[in-house]
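Heads up: the structure comes next, in structure tokens.
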Amino acid sequence: MYKSNLHKDFFLNSEEAIVKRFNLVKKISIEFTKHHPIALEMDALLMEYKDSESNLPSQYKTNTPTRTEEMSQRRYQKAASNALTSEFETLFNLLKQNTLATSKIVDEAQIQTLIKEWLRSEKIKFNDLDSEVQKRFSTLPMTIQYELPNKTLPSFSKPAINEFQQMVDDVLLGNNVFLVGGAGTGKTFTAENLIAKQALNRPHITINCSQWTSPTEIIGGQTMDGYVEGKLIEAWKNGWVLILDELPKIDPNTAGLFNDALSKTYLNDALIFNARKESFTKHPDFACIATGNIYPNKESLSYGANNKQDLSLLDRFSGSVYFVEKNPVIEKQILQNTMIWSICDKLRDAIEVFKYEAQLSLRFMRTARDAYALETKRLQTKSSKTISANEGKTFKSAMDSYLSTFTEMQQKNLKENIRYDRFFSSYQYRELSIDKLVY
Ligand SMILES: Nc1ncnc2c1ncn2[C@@H]1O[C@H](COP(=O)(O)OP(=O)(O)OP(=O)(O)O)[C@@H](O)[C@H]1O
Ligand SMILES: [Mg+2]
């Protein structure tokens, strides 16, 4: 019944705890003759100990803890994990593993080696430090270094646009630029042609934003023709300038798709993901310029289709917002016709004085100028076979078309203000010099 009795010599020559346990079994089972449940359980443990010891080579034989020792060890571990910081718990586990692996008690030198190795892989973080030590670190002077782009840009004639150099600098510094201004003031042209193409010599890709702009256009997606990559992704990986034309018109939820990328424009090697969750590393030349008729932090009365945008999106542009105003110098340069410019400018002033909700843009000025060029050409080549000048597009017809968008009362006021009858009723402007101001 009691197997340990058969190995009396082995147990009595074992360590003290085993001898004690063996004698206890002997005692409570009255010389191994009486059936006793606790004695039988302890007998089984003794045999387990014997089996495990006999499987080990003699140099690795060790002291098996008694049940009481096992319990106290577990209690100690619990207390240790409660009381010690997680770092010390890690160290404790490390020591335990090492002890088990070698089945030896580790000595002080080994503990030091273990700690050193552990410290080499475990970095102590600032927050792990004592608050007093943290305070001392915070008051120490800090050395920082800015890395500014060191690039030779193509030379081109600088446009007469306010703050143009600052816009270019912003792009080079990795800031997202926002050009805000009335219709036809030249925002899109400035972004696409002047900044991206002429100043930086970089290709651009434009998203014409509206409430219908889809995530597919931005981050890619499945279409009838298969997967199409998004424009944001293309610009990001190829180093193109991403033009977000009329950004305030986009649905604010869709606009959220730009947030992640635009917060990383200035970072090197930043990653973004497309619709297929594939990652793309930023090309160093990636840049973003947005345009809009308003700064979209509120609903607009004049520009109804613009949406109020999330502040987090607007934050991506903070510090790099430029208000593009009408620019007579540029307008005259482009038109090359002072007479037409001055009439248009006079009309624009009148609209402003009367506070009518309308814009007279550079776009209209160009249309008027081109119409004038066409009618002049027709006048010069008078022939029965050609269309008469009055029949075709003229400066007058362009002006009439523009004025027709106002109410009758508004038209009357505007016509009086620009002395329409004097210059337009019988095409009198044709007699004026194109180099002269009319008013
Ligand atoms: N610096 C410039 N040189 C030559 N043409 C220009 C210049 N700026 C603007 N233009 C021309 O003026 C017209 C209006 O410019 P653009 O479309 O850029 O205005 P916008 O401010 O983007 O207008 P909208 O708000 O309506 O989009 C365009 O035909 C454009 O080609
Ligand atoms: Mg535009």
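Each ligand, and each atom within it, is numbered from 1 in the order the structure gives. Scope of the values below: all heavy atoms of this structure, side chains included, with no hydrogens, waters or symmetry mates.
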Side chains of Gln428 and Lys396: closer than 4.5 Å at any heavy-atom pair?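 No, their side chains stay 4.5 Å or more apart.
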Validation row: Lys436, Leu432 side chains within 4.5 angstrom (heavy atoms): no
Just say parallel, tilted or perpendicular for the rings of Tyr439 and Phe423, cut-offs at 30° and 60°. perpendicular
Please classify the Asn293 to ligand 1 contact at 4.0 Å (heavy-atom distances, strictly less than): side chain, backbone, both or neither. side chain
Applying a heavy-atom cut-off of 4.0 Å, say which part of Arg366 lies close to ligand 1: side chain, backbone, both or neither. side chain
Quick one: which ligand 1 atoms are inside 4.0 Å of a heavy atom on [X]?
| X | result |
| --- | --- |
| Ile334 | 2 (C), 3 (N), 4 (C), 5 (N), 6 (C), 7 (C) |
| Leu194 | 1 (N) |
| Thr188 | 18 (O), 20 (P), 22 (O), 27 (O) |
| Ile330 | 1 (N) |

Qualifying residue, where the test is ring-ring contact (aromatic ring centres under 6.0 Å, His included) with Phe395 and the options are Phe424, Tyr427, Trp341, Phe364: Phe424
Step by step, would you call Arg348 with Asp345 a salt bridge (Lys or Arg N to Asp or Glu O under 4.0 Å)? CA-CA 5 Å; Arg348 181 165 61 187; Asp345 188 51; 3.0 Å; yes
Got a donor-acceptor contact below 3.5 angstrom from the Arg202 side chain to the Val241 backbone? no
Give a yes or no on whether the backbone of Leu262 and the side-chain of Asn176 come within a donor-acceptor separation of less than 3.5 Å. yes
Pairs of nitrogen or oxygen atoms closer than 3.5 Å, one from Gly186 and one from ligand 1: do any exist? yes
Are any of the heavy atoms in Pro159 under 4.0 Å away from ligand 1? no
Where the closest heavy atom to atom 7 (C) of ligand 1 is concerned, which of Phe189, Phe364, Phe164 has it? Phe189
Residue selection (non-hydrogen contact nearest atom 14 (C) of ligand 1) among Lys187, Met365, Arg363: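 Among Lys187, Met365, Arg363, the closest heavy atom to atom 14 (C) of ligand 1 comes from Arg363.
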